Amino acid sequence: MAGKKTSKKKVRLAHEIPQKRRKMIEKALADHEREPHPEWDKGAEWKSFTFQRKKVEPGTFRTIDFPLLEVTIGDSWPIPVTVIHGRRPGPRVCVIGGIHGDELVGPSACTHLLSPTLLGENKPLDPEQVTGTIIVIPVVNTPGYQRKLRYFPDGRDLNRQFPGNPKGSTTRRVANRLWNHIFSQVDGIIDLHSAAKGRTNMPQIRADLAHPESNLLAKTFGIEVILDSTPPKGSLRRNCVQADIPCITFEGGGADTIDHECVQIAINGIINSLRSLKMITGKPRRPKFRLLASGTTWIRTDHGGLLDMHVKCGSIMREGDIIATLADPAHPGQVVEILAPEDGLMISSAINPFVTAGMPVAHFLPISKHLGLFEDKIDSEGRFIISGSQDEIIWREEVDVDEVEVVGSGHISDDGGWVNEWLGEQTADELVDFEEEN
Ligand SMILES: [Zn+2]
């Protein structure tokens with residue numbers, strides 16, 4: 001039979017990582033041997049999953065409250081943890097959002113993962129079809145989320161306190177409980193984040209690429225830009241790497257906002273990863289290329305004033321292109337231009353126009369050799385089109401859309417007019433006038 005292709009479509013791999021580090025990563029990957037997991041074999045014994053003394057039977061899911069603090073009086077801050085316990089034996093993967101309480105892309109993506117559109121019968125996460133166990137925690141830092149703040153109520157950053165301490169500060173105690181009961185007990189973590197207040201991030205994956213299992217997990221996400229970064233002290237990712245648990249961070253959008261495109265990319269990525277791990281059915285989608293990069297730089301302004309961004313986050317830039325201009329109402333007529341220091345990609349940008357000297361305007365990823373890969377896929381605003389960003393919004397089925405009344409409260413009359421509770425009956429003609437005036 002002629003013409004049947006058997007070769008797999010290859011993903012082009014581009015590197016913008018310094019040679020020394022690249023060698024280190026390549027050596028780590030070459031030396032890496034995958035640990036055998038006979039307990040994940042098809043025929044292995046597979047029992048119910050117990051969490052917080054509650055059982056989840058194979059092929060079912062259950063949402064269980066996990067108290068962040070172990071107290072008998074006072075607030076224990078219970079957070080909902082959903083366990084999707086698959087029908088067949090396999091790895092245990094945890095997807096989390098909201099470790100920073102004001103970053104909403106993660107909570108939104110996790111909530112959609114748990115909606116009937118994705119968790120329903122014969123849907124991608126149907127527990128009857130799942131292999132292994134998927135644990136979803138939409139909002140880890142619930143007390144911060146309720147206060148619309150990044151930090152925990154004692155002012156600390158939960159993502160700098162791992163593995164925590166049962167006798168330490170409030171946040172350390174919480175970190176310790178999360179680490180002992182959940183994060184140290186899983187075979188992989190996808191941690192969803194957004195930029196801190198005042199900035200927005202282009203969707204990207206961050207991972208310590210010299211940790212082989214994290215490196216492999218990062219590539220399963222199906223996104224183009226993967227940043228090699230050694231995680232900060234006390235972060236979940238750092239502790240996972242030290243404990244040899246694969247962990248990746250997704251970054252997309254900014255605090256206090258929900259960016260549909262970022263949520264879409266996050267959901268696509270999680271599904272891609274779960275498919276690559278063979279935990280759910282279906283083929284993972286691969287991007288045309290992957291760029292493994294490091295060495296990002298913050299572009300900071302040397303002046304203050306009102307910032308006017310000329311390009312959007314995710315834009316491809318050539319050296320000398322204008323990123324933004326800065327003007328000061330106290331010094332009319334004087335404008336400072338902020339330029340791209342070299343060729344590259346703007347992976348994060350400021351969204352708050354109030355700036356003082358030293359504030360970051362953009363987070364820039366210099367790209368010396370592979371800019372052409374990006375230039376082939378640019379939208380009308382000069383932004384790189386990320387794999388999966390232009391898909392239909394998968395969680396919004398017709399059935400999910402609530403009907404919304406637009407013109408006050410009332411009903412359509414027999415002759416096609418509108419009976420408004422306050423205005424009385426209006427004819428169809430009057431209604432048109434009304435709509436035009438408003
Ligand atoms: Zn974050």
Side-chain angles (χ1 to χ4, degrees), residues 10-37 91-96 99 157 159-163 175 179 183-193 201-252 269-270 272-274 276-277 284 286-287 289-298 344-345 347-348 363-370 373 387:
K10 275 209 173 144
V11 181
R12 186 168 169 198
L13 201 62
H15 276 277
E16 294 276 350
I17 293 177
Q19 188 132 40
K20 199 176 155 198
R21 174 72 179 167
R22 193 178 157 178
K23 284 212 165 122
M24 198 177 147
I25 294 168
E26 280 167 0
K27 187 172 184 308
L29 282 174
D31 292 348
H32 178 60
E33 277 176 33
R34 284 211 125 162
E35 214 185 304
H37 284 284
R92 194 180 295 165
V93 166
C94 187
V95 181
I96 62 168
I99 212 167
D157 186 333
N159 205 25
R160 299 290 181 273
Q161 308 295 330
F162 288 104
W179 178 256
F183 300 141
S184 65
Q185 305 296 314
V186 299
D187 305 300
I189 297 176
I190 301 176
D191 183 11
L192 308 169
H193 286 255
N201 281 342
M202 169 191 164
Q204 59 195 263
I205 284 289
R206 293 182 188 171
D208 183 338
L209 296 181
H211 179 238
E213 291 285 342
S214 295
N215 184 313
L216 298 170
L217 183 61
K219 287 170 187 161
T220 64
F221 203 81
I223 200 168
E224 285 88 350
V225 176
I226 300 175
L227 293 187
D228 172 41
S229 76
T230 321
K233 215 177 155 197
S235 67
L236 176 61
R237 194 152 63 81
R238 177 131 162 180
N239 280 271
C240 284
V241 168
Q242 280 164 356
D244 201 23
I245 298 165
C247 182
I248 59 172
T249 302
F250 168 83
E251 280 286 353
I270 294 160
N272 276 332
S273 290
L274 295 173
S276 301
L277 296 169
R286 311 256 185 238
F289 69 90
R290 283 193 201 102
L291 180 82
L292 308 183
S294 61
T296 56
T297 48
W298 284 100
L345 186 63
I347 55 168
S348 177
H363 194 185
F364 195 77
L365 174 64
I367 299 177
S368 57
K369 298 186 286 282
H370 304 98
L373 286 173
S387 185

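Owing to the predicted nature of the structure, the values given are computational and were not obtained by experimental measurement.
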Evaluate side-chain contact (heavy atoms from CB on, under 4.5 Å) for Phe289 paired with Leu13, printing each intermediate quantity in order.
CA-CA 6 Å; Phe289 69 90; Leu13 201 62; over 6 Å; no

Show your working on salt bridge (Lys or Arg N to Asp or Glu O under 4.0 Å) between Arg238 and Asp191 and close with a plain yes or no.
CA-CA 12 Å; Arg238 177 131 162 180; Asp191 183 11; over 6 Å; no

For the pair Asn215 and His32, evaluate side-chain hydrogen bond (donor to acceptor under 3.5 Å, both in side chains) and give the outcome as yes or no after the intermediate values.
CA-CA 11 Å; Asn215 184 313; His32 178 60; over 6 Å; no

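Under the 3.5 Å distance criterion, the side-chain polar atoms of Arg286 are left unmatched by any main-chain donor or acceptor of Ile223. Counting only distance, with no hydrogens or angles, the side chain of Asn201 and the backbone of Gly252 share no donor-acceptor pair below 3.5 Å. Ser276 places a side-chain N or O within donor-acceptor distance of the main-chain N or O of Asn272, the cut-off being under 3.5 Å. In this structure, Gln204 contributes its side chain and Met202 its backbone to a donor-acceptor pair below 3.5 Å. Under the 3.5 Å distance criterion, the side-chain polar atoms of Glu224 are matched with a main-chain donor or acceptor of Ser387. Checked by atom type and distance alone, the side chain of Glu16 pairs as donor or acceptor with a backbone atom of Lys369 at under 3.5 Å. The backbone N or O of Asn159 lies less than 3.5 Å from a partner atom in the side chain of Asp157, making a donor-acceptor pair. In this structure a side-chain-to-backbone donor-acceptor pair under 3.5 Å is present from Ser184 to Trp179. Checking side-chain atoms of Asp187 against main-chain N and O of Arg92 turns up a donor-acceptor pair under 3.5 Å.
Under the 30°/60° scheme for interplanar angles, the aromatic rings of Trp298 and His363 are found to lie parallel.
For Cys247 against Cys240, the heavy-atom pair with the smallest separation is CB-CB, 3.5 Å. In plain terms, the two heavy atoms of Ser214 and Ile245 that are nearest each other are OG-O, 4.2 Å. Considering every non-hydrogen atom in both Ala14 and Leu373, the closest pair reads CB-CD1, 3.8 Å.
Taken to the nearest 0.5 Å, the NZ atom of Lys219 stands 6.0 Å off from the CG atom of Leu292. Between the CD atom of Glu26 and the CD atom of Gln19 there is a distance of 8.5 Å, given to the nearest 0.5 Å. Note: Ile248 CD1 to Thr220 OG1 = 5.5 Å, rounded to the nearest 0.5 Å. Put simply, CD1 on Ile226 and CG on Leu291 are 8.5 Å apart, with the number rounded to the nearest 0.5 Å. Interatomic distance, CG of Asp228 versus NE2 of His15, reported as 10.0 Å (0.5 Å rounding).
A salt bridge is defined here as a Lys NZ or Arg NE, NH1 or NH2 lying under 4.0 Å from an Asp or Glu carboxylate O, and Arg21 with Asp208 meets this definition.
Listed by first and then second residue, the ring pair (Phe, Tyr, Trp, His ring centres under 6.0 Å) pairs involving residues 212-242 are Phe221-Phe250 (not counting sequence neighbours).
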